[in-house]
Amino acid sequence: METTHKFIEKNQSSEQADHQRNWVAKKNWLILVLVFLAYPLMSHAGGLGIAAILALGGVLGLIGWRPPHPRDIRKSVPAAIWAIMAVLLWAMISTLWSPYNSGDVLNNAAKLFIGVPLYLAFAVLVVGQSKYSGSSLQWLLISVTFLSSMAVLGDIVSDYGVTKLFDPLAPKESMNVKRGDMIQNLTHATSVLVLLFTPVGLMLWVKGAGGKLAAGGLLVLILAGAIAANMTSSMLALGLAVVFVFLASYWPKLMVRIAFFGGGISIFFAPLFGYIASQAGPEIRAQIPFSWEERVVNWSYMYEKVLQKPWFGHGFDAVRTFNDTHTIRGFEGRALVSLHPHNAGLHIWGELGLIGAVLVCLALFYAARKLTQQDVLTEVQLVALAGLTASAIIIAGFSYGVWQDWWWAVIIFSGAIIGFVKA
(Lines give C-alpha, C1' and ligand atoms only; values in the text may rest on other atoms or scores of the structure.)
Protein backbone atom coordinates (compact mmCIF):
# COMPACT_ATOMS: atom_id res chain seq x y z
CA MET A 1 0.00 0.00 0.00
CA GLU A 2 2.81 2.42 0.89
CA THR A 3 4.52 1.67 -2.41
CA THR A 4 1.27 2.39 -4.26
CA HIS A 5 0.89 5.76 -2.54
CA LYS A 6 4.46 6.71 -3.46
CA PHE A 7 3.83 5.70 -7.07
CA ILE A 8 0.66 7.84 -7.21
CA GLU A 9 2.42 10.82 -5.59
CA LYS A 10 5.30 10.52 -8.05
CA ASN A 11 2.91 10.44 -11.02
CA GLN A 12 0.96 13.43 -9.70
CA SER A 13 4.19 15.37 -9.23
CA SER A 14 5.27 14.48 -12.76
CA GLU A 15 1.90 15.55 -14.18
CA GLN A 16 2.09 18.87 -12.32
CA ALA A 17 5.59 19.46 -13.70
CA ASP A 18 4.43 18.64 -17.25
CA HIS A 19 1.46 20.99 -16.86
CA GLN A 20 3.75 23.79 -15.70
CA ARG A 21 6.17 23.18 -18.56
CA ASN A 22 3.31 23.24 -21.08
CA TRP A 23 1.95 26.46 -19.63
CA VAL A 24 5.35 28.13 -19.66
CA ALA A 25 6.04 26.94 -23.23
CA LYS A 26 2.74 28.39 -24.48
CA LYS A 27 3.40 31.63 -22.65
CA ASN A 28 6.90 31.89 -24.17
CA TRP A 29 5.55 31.10 -27.64
CA LEU A 30 3.04 33.94 -27.35
CA ILE A 31 5.79 36.34 -26.20
CA LEU A 32 7.85 35.54 -29.30
CA VAL A 33 4.85 36.02 -31.59
CA LEU A 34 4.21 39.47 -30.12
CA VAL A 35 7.88 40.52 -30.29
CA PHE A 36 8.30 39.23 -33.86
CA LEU A 37 5.22 41.21 -34.90
CA ALA A 38 6.33 44.34 -33.06
CA TYR A 39 9.98 44.53 -34.08
CA PRO A 40 9.39 45.79 -37.68
CA LEU A 41 7.24 48.66 -36.35
CA MET A 42 9.83 49.52 -33.71
CA SER A 43 12.59 49.26 -36.29
CA HIS A 44 10.83 51.56 -38.75
CA ALA A 45 10.34 54.11 -35.98
CA GLY A 46 14.09 54.30 -35.38
CA GLY A 47 14.78 51.07 -33.53
CA LEU A 48 14.70 52.61 -30.07
CA GLY A 49 11.63 50.60 -29.11
CA ILE A 50 13.40 47.30 -29.81
CA ALA A 51 15.27 47.64 -26.52
CA ALA A 52 11.96 48.14 -24.68
CA ILE A 53 10.17 45.15 -26.22
CA LEU A 54 13.17 42.85 -25.67
CA ALA A 55 13.47 43.96 -22.05
CA LEU A 56 9.74 43.36 -21.54
CA GLY A 57 10.07 39.99 -23.25
CA GLY A 58 12.93 39.12 -20.93
CA VAL A 59 10.89 40.05 -17.85
CA LEU A 60 7.87 38.05 -19.03
CA GLY A 61 10.15 35.15 -19.93
CA LEU A 62 11.28 34.89 -16.32
CA ILE A 63 7.72 34.02 -15.24
CA GLY A 64 7.66 30.30 -14.53
CA TRP A 65 11.44 29.99 -14.84
CA ARG A 66 13.20 27.93 -12.20
CA PRO A 67 16.48 29.63 -11.31
CA PRO A 68 19.52 27.41 -10.70
CA HIS A 69 20.87 26.84 -7.22
CA PRO A 70 23.31 29.64 -6.20
CA ARG A 71 26.19 27.15 -6.26
CA ASP A 72 25.42 26.33 -9.89
CA ILE A 73 25.16 29.91 -11.18
CA ARG A 74 28.87 30.14 -11.93
CA LYS A 75 28.72 26.96 -14.02
CA SER A 76 25.47 27.81 -15.83
CA VAL A 77 26.45 31.34 -16.86
CA PRO A 78 29.13 31.40 -19.61
CA ALA A 79 32.35 33.32 -19.03
CA ALA A 80 31.50 35.65 -21.92
CA ILE A 81 28.43 36.91 -20.03
CA TRP A 82 30.50 37.61 -16.92
CA ALA A 83 32.98 39.51 -19.10
CA ILE A 84 30.19 41.57 -20.70
CA MET A 85 28.81 42.46 -17.29
CA ALA A 86 32.36 43.39 -16.20
CA VAL A 87 32.51 45.83 -19.13
CA LEU A 88 29.20 47.39 -18.10
CA LEU A 89 30.24 47.53 -14.44
CA TRP A 90 33.47 49.30 -15.40
CA ALA A 91 31.37 51.72 -17.49
CA MET A 92 29.26 52.49 -14.40
CA ILE A 93 32.38 53.03 -12.29
CA SER A 94 33.82 55.37 -14.92
CA THR A 95 30.86 57.74 -14.46
CA LEU A 96 32.62 58.83 -11.25
CA TRP A 97 35.22 60.78 -13.25
CA SER A 98 33.18 61.48 -16.38
CA PRO A 99 32.52 65.17 -17.10
CA TYR A 100 29.08 64.27 -18.45
CA ASN A 101 26.10 64.50 -16.11
CA SER A 102 22.74 63.53 -17.56
CA GLY A 103 20.85 64.68 -14.49
CA ASP A 104 18.85 61.44 -14.49
CA VAL A 105 18.57 59.34 -11.36
CA LEU A 106 19.13 56.28 -13.55
CA ASN A 107 21.97 57.22 -15.89
CA ASN A 108 22.69 55.57 -19.23
CA ALA A 109 25.35 53.27 -17.80
CA ALA A 110 22.94 51.94 -15.17
CA LYS A 111 20.22 51.48 -17.81
CA LEU A 112 22.56 49.28 -19.85
CA PHE A 113 23.69 47.36 -16.77
CA ILE A 114 20.06 46.53 -16.04
CA GLY A 115 18.87 46.22 -19.64
CA VAL A 116 21.49 43.88 -21.11
CA PRO A 117 20.69 40.98 -18.71
CA LEU A 118 17.01 41.35 -19.71
CA TYR A 119 17.92 41.26 -23.42
CA LEU A 120 19.97 38.14 -22.71
CA ALA A 121 17.07 36.60 -20.78
CA PHE A 122 14.92 37.13 -23.85
CA ALA A 123 17.64 35.54 -25.97
CA VAL A 124 17.56 32.46 -23.74
CA LEU A 125 13.78 32.33 -24.25
CA VAL A 126 14.23 32.51 -28.04
CA VAL A 127 16.86 29.77 -28.09
CA GLY A 128 14.73 27.58 -25.85
CA GLN A 129 11.70 27.94 -28.09
CA SER A 130 13.73 27.32 -31.25
CA LYS A 131 14.72 23.86 -30.02
CA TYR A 132 11.27 22.31 -29.96
CA SER A 133 8.80 24.73 -31.56
CA GLY A 134 7.43 24.11 -35.03
CA SER A 135 8.12 26.15 -38.13
CA SER A 136 5.36 28.70 -37.44
CA LEU A 137 7.65 31.07 -35.56
CA GLN A 138 10.31 30.72 -38.23
CA TRP A 139 7.89 31.61 -41.03
CA LEU A 140 6.50 34.50 -39.01
CA LEU A 141 9.98 35.93 -38.62
CA ILE A 142 10.73 35.45 -42.31
CA SER A 143 7.44 37.10 -43.33
CA VAL A 144 7.78 40.19 -41.14
CA THR A 145 11.41 40.65 -42.22
CA PHE A 146 10.33 40.69 -45.87
CA LEU A 147 7.53 43.14 -45.07
CA SER A 148 9.91 45.35 -43.11
CA SER A 149 12.49 45.42 -45.93
CA MET A 150 9.81 46.34 -48.49
CA ALA A 151 8.36 49.04 -46.22
CA VAL A 152 11.78 50.60 -45.59
CA LEU A 153 12.72 50.61 -49.27
CA GLY A 154 9.30 51.94 -50.26
CA ASP A 155 9.50 54.70 -47.66
CA ILE A 156 12.92 55.87 -48.86
CA VAL A 157 12.17 55.89 -52.59
CA SER A 158 8.78 57.58 -52.09
CA ASP A 159 10.34 60.53 -50.26
CA TYR A 160 9.21 59.08 -46.91
CA GLY A 161 5.63 58.59 -48.07
CA VAL A 162 5.01 55.72 -45.64
CA THR A 163 6.19 57.73 -42.64
CA LYS A 164 4.20 60.79 -43.72
CA LEU A 165 1.10 58.63 -44.11
CA PHE A 166 1.18 57.25 -40.58
CA ASP A 167 2.92 60.20 -38.91
CA PRO A 168 1.94 63.38 -40.82
CA LEU A 169 3.54 66.74 -40.21
CA ALA A 170 2.08 68.55 -37.22
CA PRO A 171 0.71 72.12 -37.76
CA LYS A 172 3.75 73.92 -36.30
CA GLU A 173 6.34 71.21 -36.95
CA SER A 174 9.36 72.04 -39.12
CA MET A 175 9.71 69.85 -42.19
CA ASN A 176 13.50 70.17 -42.07
CA VAL A 177 13.59 68.83 -38.51
CA LYS A 178 11.13 66.06 -39.31
CA ARG A 179 13.07 65.08 -42.42
CA GLY A 180 16.19 64.70 -40.30
CA ASP A 181 14.29 62.42 -37.92
CA MET A 182 12.88 60.37 -40.80
CA ILE A 183 16.33 59.89 -42.34
CA GLN A 184 17.75 58.77 -39.00
CA ASN A 185 14.85 56.39 -38.35
CA LEU A 186 15.17 54.69 -41.73
CA THR A 187 18.95 54.37 -41.53
CA HIS A 188 18.47 52.63 -38.17
CA ALA A 189 15.82 50.37 -39.71
CA THR A 190 18.18 49.50 -42.55
CA SER A 191 20.92 48.55 -40.09
CA VAL A 192 18.49 46.28 -38.25
CA LEU A 193 17.65 44.52 -41.52
CA VAL A 194 21.35 44.12 -42.37
CA LEU A 195 21.95 42.26 -39.10
CA LEU A 196 18.84 40.14 -39.55
CA PHE A 197 19.70 39.23 -43.13
CA THR A 198 22.21 36.48 -42.36
CA PRO A 199 20.09 34.39 -39.95
CA VAL A 200 16.81 34.99 -41.80
CA GLY A 201 18.45 34.51 -45.21
CA LEU A 202 19.93 31.18 -44.11
CA MET A 203 16.55 30.06 -42.74
CA LEU A 204 15.37 30.39 -46.35
CA TRP A 205 18.52 29.11 -48.02
CA VAL A 206 18.31 25.66 -46.43
CA LYS A 207 14.75 25.15 -47.72
CA GLY A 208 15.78 24.24 -51.26
CA ALA A 209 15.77 26.02 -54.60
CA GLY A 210 12.75 28.18 -53.78
CA GLY A 211 14.29 29.18 -50.48
CA LYS A 212 17.54 30.15 -52.19
CA LEU A 213 15.66 32.42 -54.60
CA ALA A 214 13.79 33.99 -51.68
CA ALA A 215 17.06 34.55 -49.79
CA GLY A 216 18.49 36.25 -52.85
CA GLY A 217 15.37 38.40 -53.10
CA LEU A 218 15.72 39.44 -49.47
CA LEU A 219 19.36 40.38 -50.07
CA VAL A 220 18.37 42.53 -53.06
CA LEU A 221 15.65 44.30 -51.07
CA ILE A 222 17.89 45.13 -48.12
CA LEU A 223 20.81 46.15 -50.34
CA ALA A 224 18.51 48.38 -52.40
CA GLY A 225 17.36 50.05 -49.19
CA ALA A 226 20.96 50.63 -48.10
CA ILE A 227 21.84 52.11 -51.51
CA ALA A 228 18.74 54.32 -51.55
CA ALA A 229 19.59 55.56 -48.05
CA ASN A 230 23.23 56.09 -49.12
CA MET A 231 24.47 53.94 -46.23
CA THR A 232 27.97 52.86 -47.23
CA SER A 233 28.55 51.04 -43.96
CA SER A 234 25.45 48.89 -44.47
CA MET A 235 26.52 48.07 -48.02
CA LEU A 236 29.96 47.03 -46.77
CA ALA A 237 28.40 45.03 -43.95
CA LEU A 238 26.14 43.11 -46.33
CA GLY A 239 29.02 42.41 -48.69
CA LEU A 240 31.29 41.14 -45.92
CA ALA A 241 28.46 39.05 -44.45
CA VAL A 242 28.01 37.28 -47.81
CA VAL A 243 31.77 36.63 -48.04
CA PHE A 244 31.91 35.22 -44.51
CA VAL A 245 28.83 33.06 -45.09
CA PHE A 246 30.40 31.62 -48.23
CA LEU A 247 33.74 30.87 -46.54
CA ALA A 248 32.06 29.59 -43.37
CA SER A 249 30.12 27.05 -45.45
CA TYR A 250 33.52 25.35 -45.86
CA TRP A 251 35.19 26.28 -42.55
CA PRO A 252 32.43 27.20 -40.07
CA LYS A 253 34.36 27.26 -36.79
CA LEU A 254 37.42 28.90 -38.32
CA MET A 255 35.41 31.75 -39.84
CA VAL A 256 33.52 32.37 -36.58
CA ARG A 257 36.85 32.63 -34.77
CA ILE A 258 38.24 34.93 -37.47
CA ALA A 259 35.16 37.17 -37.21
CA PHE A 260 35.45 37.49 -33.43
CA PHE A 261 39.23 37.90 -33.67
CA GLY A 262 38.69 40.69 -36.20
CA GLY A 263 36.33 42.37 -33.76
CA GLY A 264 38.92 42.15 -30.99
CA ILE A 265 41.65 43.55 -33.25
CA SER A 266 39.43 46.45 -34.31
CA ILE A 267 38.84 47.32 -30.64
CA PHE A 268 42.31 46.81 -29.19
CA PHE A 269 44.20 48.55 -32.00
CA ALA A 270 41.69 51.36 -32.49
CA PRO A 271 44.21 54.03 -31.35
CA LEU A 272 46.46 52.94 -34.23
CA PHE A 273 43.48 53.38 -36.54
CA GLY A 274 43.02 56.89 -35.12
CA TYR A 275 46.71 57.65 -35.67
CA ILE A 276 46.46 56.60 -39.32
CA ALA A 277 43.42 58.86 -39.73
CA SER A 278 45.40 61.75 -38.23
CA GLN A 279 48.01 61.37 -40.97
CA ALA A 280 45.50 62.00 -43.76
CA GLY A 281 46.26 65.44 -45.16
CA PRO A 282 43.83 67.94 -46.73
CA GLU A 283 44.54 66.60 -50.23
CA ILE A 284 43.52 63.05 -49.28
CA ARG A 285 40.46 64.17 -47.31
CA ALA A 286 39.26 66.33 -50.21
CA GLN A 287 39.02 63.24 -52.44
CA ILE A 288 36.62 61.28 -50.23
CA PRO A 289 32.88 61.87 -49.64
CA PHE A 290 31.94 64.59 -47.17
CA SER A 291 30.55 62.23 -44.53
CA TRP A 292 33.73 60.14 -44.62
CA GLU A 293 35.95 63.19 -44.37
CA GLU A 294 34.07 64.14 -41.22
CA ARG A 295 34.71 60.65 -39.89
CA VAL A 296 38.43 60.89 -40.62
CA VAL A 297 38.66 64.23 -38.80
CA ASN A 298 36.54 62.74 -35.99
CA TRP A 299 38.86 59.72 -35.58
CA SER A 300 41.94 61.94 -35.66
CA TYR A 301 40.49 64.08 -32.87
CA MET A 302 39.59 60.99 -30.82
CA TYR A 303 43.16 59.72 -31.17
CA GLU A 304 44.35 62.85 -29.35
CA LYS A 305 41.72 62.36 -26.65
CA VAL A 306 42.80 58.74 -26.12
CA LEU A 307 46.42 59.87 -25.64
CA GLN A 308 45.29 62.29 -22.92
CA LYS A 309 43.84 59.51 -20.70
CA PRO A 310 44.90 56.14 -22.12
CA TRP A 311 44.52 53.96 -19.01
CA PHE A 312 41.13 54.76 -17.52
CA GLY A 313 39.60 56.93 -20.24
CA HIS A 314 37.59 60.13 -19.85
CA GLY A 315 34.61 58.31 -18.34
CA PHE A 316 31.28 57.01 -19.59
CA ASP A 317 29.47 59.33 -22.04
CA ALA A 318 32.36 61.81 -21.89
CA VAL A 319 32.34 62.21 -25.68
CA ARG A 320 29.04 64.06 -25.29
CA THR A 321 31.04 66.87 -23.68
CA PHE A 322 33.63 67.16 -26.46
CA ASN A 323 32.31 70.40 -27.93
CA ASP A 324 35.22 71.46 -30.13
CA THR A 325 34.20 72.54 -33.65
CA HIS A 326 35.89 73.05 -37.01
CA THR A 327 35.23 74.32 -40.51
CA ILE A 328 34.96 71.74 -43.27
CA ARG A 329 34.24 72.37 -46.96
CA GLY A 330 32.83 75.78 -46.19
CA PHE A 331 30.61 74.62 -43.32
CA GLU A 332 31.48 76.45 -40.10
CA GLY A 333 30.91 75.30 -36.54
CA ARG A 334 30.73 71.59 -37.38
CA ALA A 335 31.22 69.41 -34.27
CA LEU A 336 34.42 67.37 -34.28
CA VAL A 337 32.52 64.66 -32.39
CA SER A 338 28.77 64.52 -32.86
CA LEU A 339 27.50 62.54 -29.82
CA HIS A 340 29.82 59.61 -30.59
CA PRO A 341 33.00 58.90 -32.61
CA HIS A 342 31.43 56.58 -35.25
CA ASN A 343 33.95 53.91 -34.30
CA ALA A 344 33.40 51.39 -31.51
CA GLY A 345 37.09 50.97 -30.68
CA LEU A 346 37.86 54.68 -30.35
CA HIS A 347 34.63 55.16 -28.39
CA ILE A 348 35.64 52.48 -25.88
CA TRP A 349 39.23 53.69 -25.60
CA GLY A 350 38.15 57.32 -25.26
CA GLU A 351 35.74 56.67 -22.40
CA LEU A 352 36.92 53.45 -20.70
CA GLY A 353 40.61 53.44 -21.61
CA LEU A 354 42.84 50.40 -21.90
CA ILE A 355 40.96 48.60 -19.10
CA GLY A 356 37.68 48.84 -21.00
CA ALA A 357 39.28 47.72 -24.27
CA VAL A 358 40.84 44.67 -22.61
CA LEU A 359 37.53 43.69 -20.97
CA VAL A 360 35.70 43.92 -24.31
CA CYS A 361 38.36 41.78 -25.99
CA LEU A 362 38.03 39.20 -23.21
CA ALA A 363 34.27 39.08 -23.76
CA LEU A 364 34.81 38.47 -27.48
CA PHE A 365 37.42 35.78 -26.79
CA TYR A 366 35.23 33.88 -24.34
CA ALA A 367 32.22 34.19 -26.64
CA ALA A 368 34.14 32.77 -29.61
CA ARG A 369 35.52 29.92 -27.50
CA LYS A 370 32.11 29.00 -26.09
CA LEU A 371 30.17 29.24 -29.36
CA THR A 372 32.65 27.09 -31.29
CA GLN A 373 32.64 24.28 -28.75
CA GLN A 374 31.27 20.92 -29.76
CA ASP A 375 27.45 20.61 -29.78
CA VAL A 376 26.79 24.29 -28.94
CA LEU A 377 25.82 25.29 -32.50
CA THR A 378 25.26 23.25 -35.63
CA GLU A 379 27.39 23.89 -38.71
CA VAL A 380 24.73 25.95 -40.46
CA GLN A 381 24.22 28.01 -37.29
CA LEU A 382 27.96 28.67 -37.17
CA VAL A 383 27.73 29.88 -40.76
CA ALA A 384 24.96 32.30 -39.72
CA LEU A 385 26.98 33.47 -36.73
CA ALA A 386 30.04 34.17 -38.87
CA GLY A 387 28.07 36.36 -41.28
CA LEU A 388 26.18 38.17 -38.51
CA THR A 389 29.36 38.91 -36.55
CA ALA A 390 31.12 40.27 -39.62
CA SER A 391 28.25 42.62 -40.46
CA ALA A 392 27.91 43.81 -36.84
CA ILE A 393 31.64 44.63 -36.65
CA ILE A 394 31.49 46.73 -39.83
CA ILE A 395 28.46 48.74 -38.73
CA ALA A 396 29.85 49.23 -35.21
CA GLY A 397 33.14 50.36 -36.70
CA PHE A 398 31.62 53.11 -38.84
CA SER A 399 28.19 54.07 -37.54
CA TYR A 400 26.66 53.90 -34.07
CA GLY A 401 27.74 54.76 -30.56
CA VAL A 402 28.77 51.84 -28.37
CA TRP A 403 26.28 52.57 -25.59
CA GLN A 404 23.04 52.85 -27.57
CA ASP A 405 20.74 50.33 -25.90
CA TRP A 406 18.73 49.63 -29.07
CA TRP A 407 21.99 48.60 -30.81
CA TRP A 408 22.81 46.12 -28.04
CA ALA A 409 19.26 44.78 -28.21
CA VAL A 410 19.37 44.33 -31.99
CA ILE A 411 22.68 42.44 -31.90
CA ILE A 412 21.42 40.14 -29.13
CA PHE A 413 18.10 39.60 -30.90
CA SER A 414 19.80 38.79 -34.22
CA GLY A 415 22.16 36.37 -32.48
CA ALA A 416 19.33 34.63 -30.64
CA ILE A 417 17.25 33.89 -33.75
CA ILE A 418 20.18 31.89 -35.15
CA GLY A 419 18.58 29.08 -33.12
CA PHE A 420 15.85 28.95 -35.78
CA VAL A 421 18.39 28.25 -38.54
CA LYS A 422 18.05 24.51 -39.01
CA ALA A 423 19.40 22.35 -41.83
Side-chain angles (χ1 to χ4, degrees), residues 46-48 50-51 87-88 90-92 94-95 97-102 104 107-113 115-116 180-181 183-192 194-195 231-234 236-237 263 266-268 270-271 273-274 277-278 290-310 312-326 328 333-353 356-357 359-360 392-411:
L48 304 183
I50 294 179
V87 172
L88 297 177
W90 176 245
M92 288 183 64
S94 74
T95 59
W97 59 83
S98 172
Y100 178 76
N101 182 12
S102 65
D104 297 331
N107 59 35
N108 292 332
K111 290 176 183 176
L112 270 177
F113 192 78
V116 169
D181 290 339
I183 292 172
Q184 176 178 285
N185 289 346
L186 291 176
T187 54
H188 285 191
T190 302
S191 297
V192 173
V194 169
L195 290 193
M231 292 185 64
T232 307
S233 61
S234 289
L236 292 173
S266 70
I267 297 296
F268 193 78
F273 180 69
S278 70
F290 176 73
S291 61
W292 285 94
E293 182 181 3
E294 283 207 307
R295 280 177 169 82
V296 169
V297 175
N298 186 325
W299 298 332
S300 176
Y301 176 79
M302 282 302 301
Y303 170 67
E304 298 175 1
K305 288 294 185 180
V306 168
L307 293 182
Q308 291 175 7
K309 295 185 178 182
F312 302 103
H314 293 263
F316 185 87
D317 266 351
V319 296
R320 292 174 178 266
T321 68
F322 297 167
N323 297 320
D324 296 332
T325 61
H326 69 135
I328 178 172
R334 299 285 293 187
L336 280 166
V337 177
S338 178
L339 294 182
H340 58 82
H342 293 85
N343 178 269
L346 287 170
H347 198 165
I348 292 166
W349 271 91
E351 294 186 344
L352 305 186
L359 289 174
V360 172
I393 289 170
I394 291 295
I395 295 177
F398 297 116
S399 294
Y400 303 117
V402 171
W403 311 123
Q404 292 178 280
D405 53 1
W406 74 271
W407 182 235
W408 282 74
V410 169
I411 292 175

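FYI, side chains are in, hydrogens and waters are out, and symmetry mates aren't considered; it's all heavy atoms of this structure.
- Interatomic distance, E304 CD to Y301 OH, rounded to the nearest 0.5 Å: 8.0 Å.
- Every residue two or more places apart in sequence or in another chain that forms a side chain to side chain contact (heavy atoms under 4.5 Å, CB included) with H188 is listed here: Q184, Y400, W406.
- One finds the CD atom of E294 at 4.0 Å from the CZ atom of R334 (value rounded to the nearest 0.5 Å).
- When all heavy atoms of P99 and A318 are compared, the pair lying nearest together is CD-CB, 3.7 Å.
- Residues F290 and I328 have side chains in contact (heavy-atom distance under 4.5 Å, counting atoms from C-beta outward).
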Open item on the list: Using the rule given for side chain to side chain contact (heavy atoms under 4.5 Å, CB included), can you reason through W407 versus I395, listing the C-alpha separation, both sets of side-chain angles and the distance that settles it, and then say yes or no?
Closed with: CA-CA 10 Å; W407 182 235; I395 295 177; 3.4 Å; yes

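- The number of heavy atoms from other shown groups lying within 6.0 Å of CZ (F268) does not exceed 12.
- The minimum heavy-atom distance between A277 and V296, with the atom names listed, is O-CG1, 3.6 Å.
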Task: Worked check of side chain to side chain contact (heavy atoms under 4.5 Å, CB included) between F322 and Y100 - done: CA-CA 10 Å; F322 297 167; Y100 178 76; over 6 Å; no

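- Looking at H342, its side chain never comes within 3.5 Å of a backbone N or O of N298 through a donor-acceptor pair.
- Judged by distance alone, the side chain of T187 and the main-chain N or O of I183 form a donor-acceptor pair under 3.5 Å.
- Between the side chains of S233 and S399, a donor-acceptor pair is found at a separation under 3.5 Å.
- Side-chain atoms of W408 come within 3.5 Å of backbone N or O of V402 as a donor-acceptor pair.
- The closest donor-acceptor contact from the side chain of T95 to the backbone of F316 lies at 3.5 Å or more, if one exists at all.
- At least one donor-acceptor pair closer than 3.5 Å links the side chain of W97 to the backbone N or O of G313.
- Between atom CD1 of residue I411 and atom CD1 of residue I393 there is a gap of 9.5 Å, rounded to the nearest 0.5 Å.
- To the nearest 0.5 Å, atoms CD (E351) and CE (M302) are separated by 7.0 Å.
- Without hydrogens or angle criteria, W403 side chain to D317 main chain gives no donor-acceptor distance under 3.5 Å.
- The shortest heavy-atom contact between K305 and H314 is O-NE2, 2.8 Å.
- Looking only at distances, no side-chain donor or acceptor of W349 sits under 3.5 Å from a matching main-chain atom of L307.
- Counting only distance, with no hydrogens or angles, the side chain of S94 and the backbone of A91 share a donor-acceptor pair below 3.5 Å.
- The minimum heavy-atom distance between A237 and V194, with the atom names listed, is CB-CG1, 3.8 Å.
- Here CE of M92 is found 10.0 Å from CG of L112. Values are rounded to the nearest 0.5 Å.
- Contact check for N108 versus R320: side-chain heavy atoms found under the 4.5 Å cut-off.
- For P310, there are no side chain to side chain contact (heavy atoms under 4.5 Å, CB included) partners two or more places apart in sequence or in a different chain.
- Relative orientation of the F398 and W292 rings is perpendicular, given thresholds of 30° and 60° on the angle between their planes.
- Closest non-hydrogen pair, G46 versus N185, comes out as CA-OD1, 3.4 Å.
- A distance of 12.0 Å separates CD1 in I394 from OG1 in T232, rounded to the nearest 0.5 Å.
- Remark: N323 pairs with no residue by the side chain to side chain donor-acceptor pair (under 3.5 Å) rule, at least two apart or across chains.
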